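The shown structure was predicted, so the numbers you read here are calculated from the model rather than taken from an experiment. Scope of the values below: all heavy atoms of this structure, side chains included, with no hydrogens, waters or symmetry mates. Both counts, for ligands and for their atoms, begin at 1 and track the order of listing. In what follows, residues are counted from 1 in the order of the sequence shown.
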Amino acid sequence: MAKNIPVTRSSMPPFEEYCEEIKKLWDSRWLTNNGVEHQALQKELEAYLDCPHVVLYTNGHLALEHVIDAFAFPQGSEVVTTPFTFASTTHAITRCGLIPVFCDVREDDYTMDADKIESLITEKTVAIVPVHVYGNLCQVEKIAAIAEKYNLKVIYDAAHAFGVWYKGKSSASFGDASMFSFHATKVFNTIEGGAVCLRDGALANVLNVRKNFGIRSPEEVPFVGGNAKMSEFQAAMGLSNLRHLSGEIARRRAAVERYRERLSGVKGIKLCPKQAGVTSNYAYFPVVFDGFTATRDEVFDKLAEKGITARKYFYPLTNSFDCYGDLCTAGVKKTPVAAHLADRVLTLPLYADLTLEDVDRVCDAILP
Ligand SMILES: *Cc1c(COP(=O)(O)O)cnc(C)c1O
């Protein structure tokens, strides 16, 4: 029996390298609260992402919640967002007391369809929260123009887009802020972790205070904060992983190229076209089965029988979640393109350690 192929597998540095990185923590006994590892990772990420302010968090979800919350929009305000995303995006908006308004996505790259945003804007709209799905960049220029016209904030869920560049600009440079996730399954991980990237230094200071209970100094608590700090061990994992990132992305790229070679031009199989001007991080390999010899669910089951795990990602859409049943803006009928994709898409196994033989096994299992 051939070995199982999981859908993802975390990138990790050599064991000794991580041990070396955390050794100093046994001397300092400083395990969290903006220690040396945290400070070093923040600096390195500001350089790598070419972004003046990076605020580190214990996970990406809290990073998103905290930055949305920090804008202090009136409760009940509306936020235009996409249902073709992970639960986190919609939950973050809702947990801040705001109403998600779902915009449909584009057929080719699955990101929010900027041409459909304006019709969703009302006098209650305060922000747009688009998602760089699978590392595909959103229509950043169009979204910026709409935001400017209607005076809206743009907060990108860039959880998938670490290490993506557009016309030489880092994915961290768009909108008022971008959230990255450094979860174990992402291209770059700190075990759990995340960051908000922004150009506004004053807002970065606010975020840094709010992630530590709103405590600015021992006797000064200006905000109702929470606890969302990244620990030293997480930061150490990040520093170690960052040294190997370009190699990990190159290995992902080789796997993706093999997938494309094998699956391009097959009737009923649709792949994401390469985006013009975008340097990819090869985060995911989504395939849409539309008019193929088997349905998406049949392909999923067939792969599972052969010990290969794929993921129905993103299915279901967040606007069909039970918890949003009462929302008048919910319901997949309002986002037909997203609904069509969610029923047909599968992300195939992809990680740096995936061999070309593994890719061939996955493709052999899919192809008739
Ligand atoms: C992973 C992910 C998140 C949440 O990040 P965590 O670090 O797991 O909290 C948010 N949005 C999207 C699109 C994601 O894929």
Distance from [atom] to nearest protein heavy atom, with residue and atom:
atom: atom 11 (N) of ligand 1; result: Asp157 OD2, 2.7 Å
atom: atom 5 (O) of ligand 1; result: Ser181 OG, 3.2 Å
atom: atom 15 (O) of ligand 1; result: His160 NE2, 2.8 Å
atom: atom 4 (C) of ligand 1; result: Ser88 OG, 3.6 Å

Which of the atoms in ligand 1, numbered in the order shown and given with their element, are less than 4.0 Å from a heavy-atom of [X]?
X: His183; result: 7 (O), 8 (O)
X: Thr85; result: 13 (C)
X: Ala159; result: 2 (C), 3 (C), 10 (C), 11 (N), 12 (C), 13 (C), 14 (C), 15 (O)
X: Met179; result: 10 (C)
X: Lys186; result: 1 (C), 2 (C), 14 (C), 15 (O)
X: Tyr313; result: 15 (O)

*Parallel, tilted or perpendicular: which fits the ring planes of Phe314 and His160, with parallel below 30° and perpendicular above 60°?*
parallel

_Does the residue Gly193 have a heavy-atom contact with ligand 1, meaning some pair of atoms that are separated by less than 4.0 Å?_
yes

*Hey, is Phe180 one of the residues with a heavy atom under 4.0 angstrom from ligand 1?*
no

